[in-house]
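Comments concern the structure below.
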2 protein chains.
Amino acid sequence: MTTIRDVAELAKVSTATVSRVINSNGYVNDGTKKRVKEAIEQLNYLPNDVARSLFKGRSQMIALFVPDITNPFFPELARAIEDVTNQYDYTFVLCNTDNDIVKKIDYLNALQQKSVDGFIIVSSSLMEEHLKNIQAPIVALDRSISSDISSVTVNNRVGSRQAVKYLKSLGCSRIAHIAGPEHVDNAIYRMRGFLDEVKHEGWFNSSYVVSGAYNFEMARKATVNLLTKNPEIDGIFAGNDLMGAGVLNAAASLDIKVPEDLAVIGFDGISLGEKVTPALTTMAQPIYDIGTRAAEILITQISTPDSTVTAEEFNVQLTERQSTQ
Amino acid sequence: MTTIRDVAELAKVSTATVSRVINSNGYVNDGTKKRVKEAIEQLNYLPNDVARSLFKGRSQMIALFVPDITNPFFPELARAIEDVTNQYDYTFVLCNTDNDIVKKIDYLNALQQKSVDGFIIVSSSLMEEHLKNIQAPIVALDRSISSDISSVTVNNRVGSRQAVKYLKSLGCSRIAHIAGPEHVDNAIYRMRGFLDEVKHEGWFNSSYVVSGAYNFEMARKATVNLLTKNPEIDGIFAGNDLMGAGVLNAAASLDIKVPEDLAVIGFDGISLGEKVTPALTTMAQPIYDIGTRAAEILITQISTPDSTVTAEEFNVQLTERQSTQ
DNA sequence: TTGTATGCGTTATCAC
DNA sequence: GTGATAACGCATACAA
């Protein structure tokens, strides 16, 4: 590999001068600057980032932790973050944590050892105590971690109420909910929003809430069960779109017509919802915006270490498709 | 941050000894080893990987380039590679290239500057000339790059012939193909496999091949067009599952019944195929295996710099689902 | 405006 | 068995 020394020799200057040219730092004569640039060009020189990182204590890398890369919600989120980080000349590192606390902590340590500059984390099992040894700034995304850590989320509870109200406005009179994992805060909020709207209805009973663990297959099975036992159900609010797709699949396998006999609404607004038939109505999150915002907040915190903690909440929006009309 | 020097002072030894303990390198007295380990424990010391990388010239990082992270095929592939790299104590870096040659080159340079140890690349636009300045080993995955670069692929052409034969065996007598991008080698092989089976058929004409660019929406539109102009078509072979989903969507919008009036088969075997209704029959790649294998080959090449170039080809397998039966 | 010298944290070589 | 020290490639403080 060619080093700054090679460039210095070729340009007949010291390494300090080369460094000044590279970083546009301090005074350097136009003539020598030109000579240095030519030498750089000629040698095809690229500075060694590892040496830079060692000196600076920073690596120009930002990491994103997601629980499950195969849930399409997260690649869409990752895209947004990647765009922003690239724009600010950071290298983007995507880590799949499998919701495994050990894997998360391993990643945290490995990346901290590499002087990663900041973390954007989607996690419900990571607590403040796990993060106390982490020096780099952290932004929680999609799920909050603690009041000391900035977060970007959506109005899950209100959005879920909207979803149920919408089903009611279509004439649904027996509405069920496929819930996400019990330990995930946004899943809890979505369930609460659902309950807010139905718990005082005469027809409601607790068997109308079943768990689908934010997973297609679990949701499919749960729905088959649910609809077999309770054929009177005419509306389902799925806690996310992946499970919404599972509901549609279950309905098809039971020969239940959607939307005629059963209206289905999901949550998230991932593109999978447009690919299934019938297309899935959903409470869409502004996925790209929340990803972008999280990245911006993180980058601000990196450059301004004593910036204040913020908790931003975005609104979800009803996107009507075939599964409800 | 606590350094090796802090540990050395606390344990009343030199940094050299601490280093020996950390790396289980050279002789060190059991008693002092114990003292050092206690000091490490007490200070919560973790070695600085940046300094290590600088010294060693290696970073223990492996990068994967994918053209489109929102195509579910690639997250599934990434999962496999991540599993292997973690197992060998590498940090895994996922890069989304958007099929953009500039972005790819930027990533290559940025990562080479970070002393990344190796690359696994899915790309059809990256040529040998772009890679000539890259020191680290490279493995091409899903698409080959050049005969000098190891690759892991599948038998696209033969697999495609199987797909078409299968449609014929079901009684299809007018079969069309939704093709992938023209500049992607596996898309070309899949089209050739299709043509191998149909070009001598009396009914075949070139308007039965349309482009869907490995993209859901493009495939959907192309299919609507195709089926409107050629209502006699009773079988479609989509170049990948994402486009297969587009075909199903188009058929539904035209009120064409699948599989009764139209049989549809895709290629890839991504989980999306199980989520759509009807579920998509496909020529399934062993996604996890090819990812795993690519990672293993790369890691071998990293540790054995003069290992030989290999080109491994896996077989695809018919997975029958509702869209054909 | 430019050069010299030092340190970032680690590992490996060479003494002892 | 253990310690002192040079080196990895770079950026900065300080001199000149």
Side-chain angles (χ1 to χ4, degrees), chain A residues 1-37 39-40 43-61 89 109-117 135-136, chain B residues 1-37 39-40 43-61 89 109-117 135-136:
Chain A
M1 243 196 46
T2 109
T3 75
I4 199 172
R5 237 182 305 264
D6 302 326
V7 177
E9 280 176 28
L10 182 60
K12 307 239 183 277
V13 295
S14 74
T15 61
T17 300
V18 177
S19 177
R20 277 189 278 261
V21 172
I22 295 170
N23 301 294
S24 315
N25 234 354
Y27 297 96
V28 42
N29 181 291
D30 279 356
T32 56
K33 186 185 293 184
K34 185 151 168 288
R35 265 200 346 270
V36 170
K37 285 193 169 170
I40 288 175
L43 293 173
N44 228 311
Y45 166 75
L46 287 176
N48 179 323
D49 256 345
V50 178
R52 265 186 177 166
S53 294
L54 180 59
F55 183 85
K56 297 235 184 200
R58 298 183 285 105
S59 65
Q60 288 294 105
M61 293 198 291
D89 280 323
N109 285 333
L111 291 170
Q112 165 141 283
Q113 287 176 266
K114 293 191 185 306
S115 299
V116 162
D117 294 0
Q135 313 294 326
Chain B
M1 244 196 43
T2 109
T3 76
I4 199 172
R5 238 181 303 266
D6 302 325
V7 176
E9 281 176 27
L10 182 60
K12 308 237 182 279
V13 294
S14 74
T15 61
T17 300
V18 178
S19 178
R20 277 189 277 259
V21 173
I22 295 170
N23 301 294
S24 315
N25 233 353
Y27 296 96
V28 42
N29 180 292
D30 279 356
T32 57
K33 185 186 292 184
K34 185 150 170 289
R35 260 193 358 263
V36 170
K37 286 195 167 167
I40 288 175
L43 295 174
N44 228 310
Y45 166 75
L46 289 177
N48 180 325
D49 257 344
V50 178
R52 267 187 177 166
S53 295
L54 178 59
F55 184 87
K56 298 232 181 198
R58 298 182 286 105
S59 66
Q60 289 292 107
M61 294 197 291
D89 278 325
N109 285 333
L111 292 170
Q112 165 141 283
Q113 287 176 266
K114 293 189 186 306
S115 299
V116 163
D117 295 1
Q135 313 294 327

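Residue numbers start from 1 in every chain, and the chains themselves are labelled A, B, ... in the order their sequence lines are given, proteins ahead of strands.
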For the [atom1] atom of [X] and the [atom2] atom of [Y], what is their distance to the nearest 0.5 Å?
X        : Y       : atom1 : atom2 : answer
A/Asn48  : A/Met1  : CG    : CE    : 4.5 Å
A/Glu9   : A/Thr15 : CD    : OG1   : 10.5 Å
B/Asn109 : A/Asn44 : CG    : CG    : 8.5 Å
B/Leu43  : B/Ile4  : CG    : CD1   : 12.0 Å
A/Lys12  : A/Thr32 : NZ    : OG1   : 14.5 Å

Rounded distance in Å - [atom1] ([X]) to [atom2] ([N]):
X        : N      : atom1 : atom2 : result
A/Lys114 : C/dT10 : NZ    : P     : 13 Å
B/Ile22  : C/dA12 : CD1   : P     : 11 Å
A/Lys56  : C/dG7  : NZ    : C1'   : 15 Å
B/Arg58  : C/dT11 : CZ    : P     : 12 Å
A/Gln113 : C/dT10 : CD    : C1'   : 12 Å

Student check: side-chain heavy atoms of [X] and [Y] closer than 4.5 Å:
X       : Y        : answer
B/Met61 : A/Lys114 : yes
A/Asp30 : A/Lys33  : yes
B/Val28 : B/Thr17  : yes

Bounds of contact between DNA chain D and chain B, in 5' to 3' order, using a heavy-atom cut-off under 4.0 Å =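 Contacts span D/dG1 to D/dG9, reading 5' to 3'.
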ask   = Side-chain N or O of B/Asn25 less than 4.0 angstrom from OP1 or OP2 on C/dA12?
value =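 So the side chain of B/Asn25 is within the cut-off, an N or O lying under 4.0 Å from OP1 or OP2 of C/dA12.
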ask   = Distance check: side-chain N/O of B/Thr3 vs OP1/OP2 of C/dG9, anything under 4.0 Å?
value =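 Negative; the distance criterion is not met.
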Between the main-chain N or O of [Y] and the side-chain N or O of [X], is there a donor-acceptor pair closer than 3.5 Å?
X       : Y        : result
A/Arg58 : A/Asp117 : no
B/Ser59 : B/Ser115 : yes
A/Gln60 : A/Asp89  : yes

Are there any protein N/O atoms within less than 3.5 Å of an N/O atom in nucleotides 2-5 of chain C, and if so, which ones and at what distance?
unit_1 : atom_1 : unit_2  : atom_2 : d
C/dT2  : OP1    : A/Thr32 : OG1    : 3.0
C/dT2  : OP2    : A/Asn29 : N      : 2.5
C/dT2  : OP2    : A/Thr32 : OG1    : 3.0
C/dG3  : OP2    : A/Ser14 : N      : 2.9
C/dG3  : OP2    : A/Ser14 : OG     : 3.2
C/dG3  : OP2    : A/Thr17 : OG1    : 2.7
C/dG3  : N7     : A/Arg20 : NH2    : 2.8
C/dG3  : O6     : A/Arg20 : NH1    : 3.2

Terminal helix-axis angle for the helix from C/dT1-D/dA16 to C/dC16-D/dG1, with five pairs defining each axis and rounding to 10 degrees =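 Between the first-five-pair axis and the last-five-pair axis there is 50°.
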